[in-house]
Number of protein chains: 2
Amino acid sequence: VSISKQLASIKGLGKGSDMEKAIATLALIFRNFSDPDGKLEKTTAKNLLQTQFRNFTKGQETKPKYKDLLSELDEHTENKLDFEDFMILILSITIMSDLLQNIWGIEITE
Amino acid sequence: VSISKQLASIKGLGKGSDMEKAIATLALIFRNFSDPDGKLEKTTAKNLLQTQFRNFTKGQETKPKYKDLLSELDEHTENKLDFEDFMILILSITIMSDLLQNIWGIEITE
């Protein structure tokens, strides 16, 4: 089922702003890949980073900060990630990504 | 300029997955509303919560946790929010929202 169809079936989201749909999308992706206990396996999380977050992880594999983040994931997180853990993980990767610099740099021409 | 047009002009995002587009959307919204120094005024942040995040903040105004979050914003954050502060703020609100429960509850029918 596509994320846009799932978004349409969320009670209380209504039409929703871009900002609301973006957060709801991340919550749906977390939910679609999580176990019945509502948590995400670490291996599934790593797989998501490789398959769904490639444009942000690209070129970071060799950076010490990125390696640290992945080993922290292995060592310090409990067995599975909750939604907050997942969001902090992708936020951390986003902040160190080269792609974020491209986002800050685009021109707004109205 | 619409977010989708802005997404299309980000170098290195390519077609992008739903997950990547969601994060890029949040970064663009932050950027569109931030000052030339790349930071978001607190009043602008609160305004964004009221106008663009209403479906998540709805019904929370009277909850002590939500009030605490907003007074923390006033007291402890430095004058302006960076992208990380902004994301942590909306993540905190999302986690305490009633809407997130609706997201966890939708049925996936394939």
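Sequence lines set the chain letters: A, B, ... in the order given, protein chains first and strands last, and positions in each chain run from 1.
When every heavy atom of A:A27 is checked against every heavy atom of B:L100, the shortest pair comes out as CB-CD1, 3.9 Å. Taking each heavy atom of B:D18 and A:T25 in turn, the nearest pair found is O-CG2, 3.8 Å.
Your options are A:L91, A:I88, A:I3, and the one with the most heavy-atom pairs under 4.5 Å with chain B is A:L91. Of the listed residues (A:S4, A:G14, A:S17), the greatest number of heavy-atom pairs within a distance under 4.5 Å of chain B belongs to A:S17. Chain B forms more heavy-atom pairs under 4.5 Å with one residue of A:I103, A:I10, A:N102 than with any other, namely A:I103.
B:N55 pairs with exactly one of A:E20, A:K15, A:K21 by the side chain to side chain donor-acceptor pair (under 3.5 Å) rule, that one being A:E20.
The environment of NZ in B:K11 is sparse: at most 12 heavy-atom neighbours from other residues, nucleotides or ligands sit within 6.0 Å.
In this structure, A:M19 CE and B:F33 CZ are separated by 9.0 Å, a value rounded to the nearest 0.5 Å.
Only the side chain of A:I95 comes within contact range of chain B, with heavy atoms under 4.5 Å apart. If you measure heavy-atom distances from A:L7 to chain B, you find no contacts under 4.5 Å at all. For A:I29, the part lying near chain B is the side chain, with the backbone staying farther off; criterion is any non-hydrogen pair under 4.5 Å. The contact between B:S9 and chain A is made by backbone and side chain atoms together, counting heavy-atom distances below 4.5 Å.
By the 30° and 60° cut-offs, the orientation of the rings of A:W104 relative to B:F83 is perpendicular.
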